[in-house]
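Have a look at the structure below before the remarks.
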Amino acid sequence: MRNKFVGKRVDRVDARDKVTGKALYSADYYLDDMVHLKVLRAPHPHARIKSIDVSQARNMPGVVMAITAEDVPWVKNFGMIFKDQEVLVREKTRYMGDALAIVAAETESIARQALELIEVDYEPLPVISDPLQAMEKDTTYIHEPREENCEPGLNPGNLLCSHRLERGDMEKGFAEADHVVENEIRTPHLEHVALQPEAGVARYDKESGVCTMWAATQWLHDIQADVAQALNLKTEQVQIIQPAIGGAFGKREDVSVHIIIALMAILTGRPVKLEMTREELMITQNKRHPIIFRYRTGVKNDGTITAWEAEVIGDTGAYASTGSAVVHQALYMCTGPYNVPHLKGVSYTVYTNNTYAGAMRGFGATQAAFAYETQMDCIAAELGMDPVELRRKNAYELGSITPNGQVLTTSVGIRETLEKAAQAFGYQPGQTSREVDGKLRGVGVASSMFGCGYGEGFPDHSIADLEVTDEGKILVRSAAADVGQGVLTIVCQIVAEVLDIPLDLVEMAPGDTHTTRNAGSTSATRQTIFSGNAAKLAAEELLGKIYHRASLELAKHHPQFLVRDGEVILQGTETRISLGELARIAREKGDPLQAEGCYFPRTDVPDPATGQGDLVYVAYTFNTHIAEVEIDKYTGETRVLRVVAAPDVGRVINLTGLEGQSEGGTVMGLGMALMEKQVIQEGITINADLSTYLVPTSMDMPEMETVPVESGDAAGPYGAKGIGEPALLPAAPAITNAIYNATGIRFFQIPVTPDRLLSAMQARDKKIPKEGD
Amino acid sequence: MITELWYSAPGNLEEALQLLQEDPPYLILAGGTDLMVQYYDAREKMGRVLDISRLEELKGVEIGQEKVFLGSLTTHEQIYRNRELQKLTPLLSRAAGTVGATQIRNQGTLGGNLANASPAADLAPPLIALEAKVMLVGPRGERSFNLDEFFSGPGETRKNPEEIIKGVEFPSPRGDFRGVFLKVGQRRAMAIAVASLAIGLTCKNGTCEEIRLACGSVAPVPLRARKTEEILRGKKLEELPVEEAAGQLEKEANPIDDIRGTAEYRSRVLGNLLRKGLQEILSQKGVSANG
Amino acid sequence: MTLKVNGKEYTREVEAATRLIDLLRDELRLVGTKEGCGKGECGTCTVIMDGKTVNSCLVLAPQANGREIVTIEGLAPEGKLHPLQEAFIKKGAVQCGYCTPGILLSAQSLLEKNPHPSRDEIKEGIAGNICRCTGYKKIVEAIETVSEGREEHAE
């Protein structure tokens with residue numbers, strides 16, 4: 001049967017509110033009698049706090065309250081995986097974003113001025129900004145040492161964790177190789193630049209003991225739990241209502257304003273509002289991990305990869321956040337979508353005094369994709385082989401084994417992505433640099449893999465509830481966060497498809513910890529698979545209930561009914577009953593038309609010694625980009641002219657949404673390749689604004705084309721897989737590989753700014769032995 | 001205890017000049033695109049603000065046979081979109097068009113761009129190349145500076161606090177004048193210059209009769225490259241010593257390292273901008289080896 | 001001070017340090033105008049003032065005295081959609097939506113001055129509005145649709 005909604009172009013369910021300015025984001029909420037909060041951040045990245053004097057701030061007219069850790073000794077630490085972050089710092093600061101004091105005042109301006117009256121006496125400690133230095137045994141501890149987790153010879157206060165990967169026989173693998181390619185590849189601190197700054201509004205109801213807040217998050221229920229535990233509240237005492245979310249990309253996976261606004265609403269007894277400035281959130285909130293990859297790859301003359309060794313070191317900054325998971329994902333994806341018979345790797349996640357790093361679109365796999373696609377391009381150059389051909393030769397197929405030892409049994413579209421991208425681009429094998437109008441042009445390719453869902457045996461599920469309302473609409477309750485990627489539209493499409501009703505009869509209830517159930521996070525490219533499947537299961541059950549109720553009411557058997565367009569039709573007759581009416585009858589009879597769907601697939605915890613497991617991820621999304629760049633020989637400026645993307649998504653659910661993800665990911669990758677880097681020197685960010693941390697503008701956008709690959713047999717609804725993160729993965733390396741193609745210069749670090757490129761081109765022309773980093 | 005901002009918007013120039021003599025001094029606000037950024041999280045610290053954006057005396061564009069006058073409050077967008085200026089002084093139009101994006105160009109003014117005295121001020125190099133004078137008005141009347149002598153350091157000019165920039169004036173370029181403006185940024189819009197170069201060249205009988213070179217973001221102030229000019233002045237267009245000049249220009253620059261680029265890059269790219277710019281000038285219509 | 005917003009006149013006493021964006025949001029509760037950076041770098045706070053787009057975070061409220069402002073709430077009459085709004089929905093030019101009000105106003109202002117812009121002119125017209133979600137393609141296409149639609153009308 002042909003789909004009515006799935007696979008089509010569908011308007012976003014929230015688009016009308018967004019184009020009219022009616023959609024309410026966190027800062028758009030105003031409560032009566034609200035006080036404004038401001039937070040005093042650390043004066044030094046690593047310092048022992050001797051005293052904090054807030055007395056002058058407290059005495060300032062208009063200040064309602066000013067507190068430090070001393071005033072709230074009962075508040076507990078927070079953090080997504082490790083509870084290593086303090087709400088208010090007690091003894092020492094570990095990075096510039098640490099909170100020292102919170103001021104509540106009648107206006108934002110008073111709160112801001114009051115911060116300046118707070119006196120902090122502190123003793124500076126050595127600042128550890130380099131992860132390699134942090135790992136050394138003698139370096140100052142940033143956190144309390146944990147000898148039990150530490151590797152011999154490494155720093156017990158700075159090494160958060162390590163992970164291992166091993167399969168096959170490295171000696172044999174390298175013995176079979178004709179060439180060994182060795183490189184060190186590094187990625188920088190990056191900022192998400194979600195356009196909406198972190199903000200929140202909260203109020204506390206003394207009678208019920210419930211603190212209600214409006215503050216964006218990628219995971220309602222996890223943040224709820226963290227706020228509750230930090231403030232010694234029962235989970236149900238914390239209610240988070242999801243506002244519209246102005247972008248996320250991983251930025252809103254961590255706690256930002258949530259604990260502070262809850263705490264201050266409780267302490268002041270008044271509604272509170274906290275809005276972070278762009279500068280504050282760039283310094284305070286999570287970054288993309290800078291990761292160092294040390295690769296050694298063995299390859300035969302014909303291009304067959306025989307062995308791959310990897311050392312991966314990730315700088316998680318002052319706190320763990322999701323760092324342990326990010327860095328080991330970089331390890332687990334470190335060879336890309338290529339068959340590698342013998343492999344060995346180790347990863348270290350290291351504390352420093354830099355801004356803490358956590359989730360950002362791709363979660364370690366983005367950094368890995370830049371690394372392995374740079375490595376693959378180096379191999380192609382070493383062998384004199386066409387880069388597309390080298391990738392096709394080694395690409396996964398059904399039966400291939402991932403680095404984690406998972407045998408791929410469904411939906412392996414990597415080869416097809418290479419073929420489709422090459423075809424759509426008009427790729428010519430062996431293409432070398434061309435000069436057009438005095439500018440150098442080159443073409444680059446990159447492919448990628450991404451494991452969807454948390455995987456690795458981590459509990460991962462989503463629940464969706466459906467109900468037929470008396471008006472005959474389908475009300476969907478899901479806590480899945482729509483950060484702009486469009487999951488709510490996809491959920492509605494699926495419900496409409498199963499129930500064969502017009503999309504405008506499907507309505508989403510707002511995300512709310514108290515009225516919607518856990519959908520897991522909007523991360524790990526999991527919502528289409530997880531919440532999509534949950535909605536499909538719920539819709540199928542609801543359809544069954546509709547048939548059941550109709551058969552009772554009309555005294556006929558199921559096969560005689562047709563459910564369509566919001567009605568139950570008795571086929572071949574004029575008899576029909578609207579879903580609304582059926583819902584009223586069902587409710588009166590005590591069996592309302594409601595259904596629940598829960599998707600909770602199994603995955604395995606990999607063996608910690610080898611990283612091997614049978615079923616590590618529920619699905620893998622593959623992608624290939626081919627990019628063309630143009631370089632100004634005079635200035636070193638790079639312009640990306642064209643990018644073709646061929647994502648393997650299993651099945652397209654919303655074509656417009658898919659293209660939107662792909663195009664957005666491409667331009668984000670363009671920024672990563674050419675201009676983005678948060679410069680943190682000795683723990684201090686020197687470009688914490690959008691005039692020095694640059695992201696692409698409309699004038700930087702290339703011509704883009706997206707050609708989806710559909711195998712139709714992946715684990716998601718209708719055979720779909722996720723695309724949010726994989727859309728970004730190949731973008732940056734395709735561009736840097738194109739720069740190599742145009743100039744012969746290999747960059748092992750990004751971004752490739754005009755000054756780096758011009759200086760490398762000049763060194764090349766003068767034959768000075770200097771490579772691109 | 002709470003600091004508050006004091007705002008004043010005089011209705012005419014005379015009133016404004018009177019207020020400027022008061023103590024504590026006023027901060028002059030025109031388009032606000034620099035000041036509002038500088039004080040974005042502490043506007044009350046601006047103290048006393050004198051909003052001159054409504055002063056008719058500072059508005060207007062006059063393009064005459066002899067001279068061009070641009071009022072201080074002329075916005076970047078007005079300069080960019082002015083069709084007469086596009087024909088007469090494309091280097092100035094192009095420079096104005098590279099400032100920020102539409103919103104910033106609608107707000108930011110010529111006077112503000114010069115008064116803020118950023119080494120990266122986009123309008124300064126083309127105006128210097130056009131031999132512009134900056135006209136000041138103060139309690140003791142008017143005075144003017146050659147624009148290349150107006151800047152005294154990053155954020156500093158020779159304007160006294162009680163003076164207001166009235167506008168700039170430059171000789172109307174003659175028919176054999178050609179100019180280019182080139183700017184390197186880290187992206188293609190909303191970019192502050194990593195380096196920029198304006199070339200104004202007057203040719204006669206196939207010879208470079210007069211040339212002015214002015215650069216941005218390569219010295220503490222917008223820089224007029226006089227020594228490089230000397231190398232090019234009086235030479236036949238077909239025999240311009242481009243390499244020698246580019247080498248000299250690299251030396252004449254005095255840049256620093258910052259977040260947008262290294263000093264080394266800035267010098268080097270400046271030489272390249274000259275190479276590229278002279279090529280463009282030679283290919284411009286009306287300029288050929290035959291004059 | 002007095003100003004006209006979306007055709008309606010408002011008189012308010014404001015502190016001089018108030019910015020236009022604060023006046024619109026905090027006082028008039030027109031929260032469709034968003035703050036993204038406070039430094040004129042992202043364009044989310046774009047409004048049209050006396051026919052020209054400005055970043056409302058860079059305008060002191062008193063500077064808007066006597067001026068006429070259009071915000072996203074005034075782009076189309078209540079309950080109706082402007083052709084640009086319809087095109088943004090149909091073309092998928094909206095994702096998180098935070099940049100959308102500002103971009104719509106930039107687009108509106110562009111088309112007022114230049115009803116049939118080229119693709120490059122469209123890109124230039126919205127270059128002051130950062131979008132982190134869409135990669136801009138669908139936004140440019142949506143604006144193109146409206147521009148082309150106008151042509152059909154003219155013919």
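So you know, we letter chains A, B, ... as the sequences are listed, proteins then strands, and number each from 1.
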Is there a donor-acceptor pair closer than 3.5 Å between any side-chain N or O of Tyr634(A) and the backbone N or O of Leu274(B)?
-> no
Using atom types as modelled and distance alone, determine if a side-chain donor or acceptor of Arg187(B) lies under 3.5 Å from a backbone N or O of Val695(A).
->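 Yes, the answer is positive, given that a donor and an acceptor are paired below the 3.5 Å cut-off.
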Output for pair (Asp41(B) CG, Glu280(A) CD), nearest 0.5 Å, gives 10.0 Å
Look up atom CD1 in Ile259(B) and atom OG1 in Thr692(A), then write down how far apart they are to the nearest 0.5 Å.
->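 One finds 6.0 Å between CD1 of Ile259(B) and OG1 of Thr692(A).
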Against chain B, label [X] side chain, backbone, both or neither, depending on which of its atoms sit under 4.5 Å from a heavy atom there.
{"X": "Lys633(A)", "result": "backbone"}
{"X": "Thr753(A)", "result": "side chain"}
{"X": "Glu108(A)", "result": "neither"}
{"X": "Asp632(A)", "result": "side chain"}

Closest non-hydrogen atom pair between [X] and [Y], with its separation:
{"X": "Met699(A)", "Y": "Arg188(B)", "result": "O-NE, 3.1 Å"}
{"X": "Thr697(A)", "Y": "Ala189(B)", "result": "OG1-CB, 3.6 Å"}
{"X": "Asp755(A)", "Y": "Thr262(B)", "result": "OD2-N, 3.4 Å"}
{"X": "Glu44(B)", "Y": "Ser109(A)", "result": "OE1-OG, 3.8 Å"}

Best-contacting candidate, Ile192(B), Val37(B), Leu182(B), Val184(B), against chain A by heavy atom pairs under 4.5 angstrom | Val184(B)
What option among Ser691(A), Pro696(A), Ala114(A) has the most heavy-atom pairs under 4.5 Å with chain B?
-> Ser691(A)
Top of Glu116(A), Glu279(A), Glu637(A), Arg112(A) for chain B proximity - count of heavy-atom pairs under 4.5 angstrom =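 Between Glu116(A), Glu279(A), Glu637(A), Arg112(A), the count favours Arg112(A).
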Are Pro754(A) and Arg260(B) close enough that some pair of their side-chain heavy atoms sits under 4.5 Å apart?
->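 No, too far: nothing below the 4.5 Å cut-off.
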So, do Asn272(B) and Leu758(A) sit near enough that their side-chain heavy atoms are less than 4.5 Å apart?
->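 Result yes, sub-4.5 Å side-chain heavy-atom pair found.
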Contact origin within Gln186(B) toward chain A - heavy atom pairs under 4.5 Å | both
Lys677(A) atom NZ, neighbour heavy-atom count above 12 within 6.0 Å =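 Open.
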